[in-house]
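Right, one structure below, let's go through it.
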Amino acid sequence: MINKSEIINKNKTLKDVSELREVLWLNPNISAYEESSKKINMDISAIDDAERRLNKFAPLIEILFPETIPSKGIIESPLKEVNKMKNTLVSFYDTEISGRLMLKMDSHLAIAGSVKARGGIYEVLKYAEYLALENNMIQETDDYSILSQQKYKDFFNQFKIQVGSTGNLGLSIGITSAALGFNVTVHMSSDAKQWKKDLLRSKGAQVVEYDSDFSKAVEEGRKLSDQDPMSYFVDDENSMNLFLGYAVAARRLKKQLDEMNIKVDEEHPMFVYLPCGVGGAPGGITYGLKSVYKDNVHCFFVEPTHAPSMLIGMATGLHNDICVQDLGIDGKTHADGLAVGRPSKLVGKMMDSMLGGIFTVEDYKLYDNMRFLHESENIDIEPSACAAFEGVIKIEVSEVGKEYIKANDLQEKMKNAVHIAWATGGSLVPEEINRGFLTTHLN
Ligand SMILES: *Cc1c(COP(=O)(O)O)cnc(C)c1O
């Protein structure tokens, strides 16, 4: 049993969180990378392995998804400096943003139009490879583009893939699985948007709808999958494969920064702000970034004030043993993909020594920032993705943000900083829905 009053009386930030106030929680357990990497019982070479696998599958991706021909089957997003957005934020919020502001546009990743293209596609490919190798359908030395042939589609068609999703993971898993030939079922929570269900069905995926939240959709999906020996369940809360697919982002980001001549080192700190739902995507990306940039990267998650699941899980140390409802929070937010009441324990534990902290943000601001980005840069991303800007706005001016900067001795270095707002989704949002978002005012 969770004792709410005990929890909120012990911790002022959690009291504010329970009262739906915006906060920045600093992670008291963060340690230097050298120590934290030892604490985390994981081999960095697993990220290299994931990257190699994605490269190996690139010729197949190029055939299955012709939109990836220009990038030769590599699914990667642009990194763009957004100076006009920076100026808009500074003047509207009367804040300071030292250094450069960049947008990492996973909103525009091919195939799934969200960060889920990283983890979801990787997990499906890895499973397909496993099945094909196990059944002597391919050899590791083969060119994997042969997997686009009909005989492989017929082979994969005997197997089923299932996933529980608020939307975007379902799109990523559903579209990829269907393209390979798998039978795929997506179990969707009540907050999943109709257009996502329609799109999935049009690609040949089955969609099962639930009246309840994400955790329930996952639970039901898992149960049905476990009953079927030919079914594989993609577990958003515990999947190492998803996590590794996300982690590959870091190596590629480094390449982009290097090509743009943007330094990240002891004198040039990097701040990364990641919208967080169950934690897999921001956690995997953080893990990858830490392995590349170590103590020179400062990673923060951002959650809606109505769904601060990772924050309460990490701050109490209870991880998936606590949910937002335990603190009297309803879990209802306009931020699709972030409406998660219970965090991933796998991710929370890994982040315990790596994550700088977690911001919470009110929903109305997501729409405001979406409009600002549209007006200043002519870039459209979905409201959830705009949560990232909350970190940008607050890190240098909030009392707690200043405390972090001081504790890390960064005051003199902020002028050299690079801030990356991780835009986690948006390009598949239908035009009329996007227009609706742009005219939504909640405050
Ligand atoms: C899924 C998602 C996230 C967060 O990813 P988690 O792995 O659930 O933490 C953030 N933004 C968007 C748009 C998403 O779809």
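Note that this is a predicted model, so its numbers are computed, not measured. For ligands, and for the atoms within them, numbers begin at 1 and follow the listed sequence. These numbers come from the heavy atoms of this one structure, side chains and all, not from hydrogens, waters or symmetry mates.
- Backbone and side-chain nitrogen or oxygen atoms of Gly279 are examined, and one is located within less than 3.5 angstrom of a nitrogen or oxygen of ligand 1.
- Closest protein heavy atom to atom 7 (O) of ligand 1: Ala281 N, 2.8 Å.
- Counting only heavy atoms from C-beta outward, the side chains of Ile358 and Met310 approach each other to under 4.5 Å.
- Between Asp368 and Lys365 there is no salt bridge, since none of the side-chain N atoms of the basic residue sits less than 4.0 Å from a carboxylate O of the acidic one.
- A salt bridge does not link Arg342 with Glu219: none of the charged nitrogens is closer than 4.0 Å to a carboxylate oxygen.
- When heavy-atom distances to ligand 1 are checked against a 4.0 Å cut-off, Thr424 comes that close through both its backbone and its side chain.
- Contacts of Lys116 with ligand 1, taken as heavy-atom pairs under 4.0 Å, involve the side chain alone.
- Near Pro275, meaning under 4.0 Å from any of its heavy atoms, are these atoms of ligand 1: 4 (C), 10 (C).
- Distance from atom 8 (O) of ligand 1 to its nearest protein heavy atom, with residue and atom name: Val278 N, 3.0 Å.
- The aromatic rings of Phe359 and Tyr273 lie perpendicular to each other, with more than 60° between the two planes, well past the 30° mark.
- Atoms of ligand 1 found under 4.0 Å from any heavy atom of Pro282 (numbered from 1 in listed order, with element): 5 (O), 6 (P), 7 (O), 9 (O).
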Between Met314 and His319, is a side chain to side chain contact (heavy atoms under 4.5 Å, CB included) present by the stated rule, with each step listed?
-> CA-CA 6 Å; Met314 288 184 70; His319 301 294; 4.3 Å; yes
Passes side chain to side chain donor-acceptor pair (under 3.5 Å), Thr424 versus Asp106? Steps please.
-> CA-CA 5 Å; Thr424 43; Asp106 279 8; over 6 Å; no
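- Residue contacts with ligand 1: Cys276 is included, with a non-hydrogen atom under 4.0 Å away.
- Between Tyr367 and His334, the closest side-chain pair of non-hydrogen atoms falls below 4.5 Å.
- If you number the atoms of ligand 1 from 1 as listed, the ones under 4.0 Å from a heavy atom of Asn168 come out as 13 (C), 14 (C), 15 (O).
- With a 4.0 Å cut-off on non-hydrogen atoms, Leu338 touches ligand 1 through its side chain and not its backbone.
- For residues 283-301, every residue pair satisfying the side chain to side chain donor-acceptor pair (under 3.5 Å) rule, not counting sequence neighbours, is listed here: His298-Tyr404.
- Each of the following atoms of ligand 1 lies closer than 4.0 Å to a heavy atom of Gly280: 6 (P), 7 (O), 9 (O).
- Closest to atom 4 (C) of ligand 1, if we only count protein heavy atoms, is Gly277 N, 3.5 Å.
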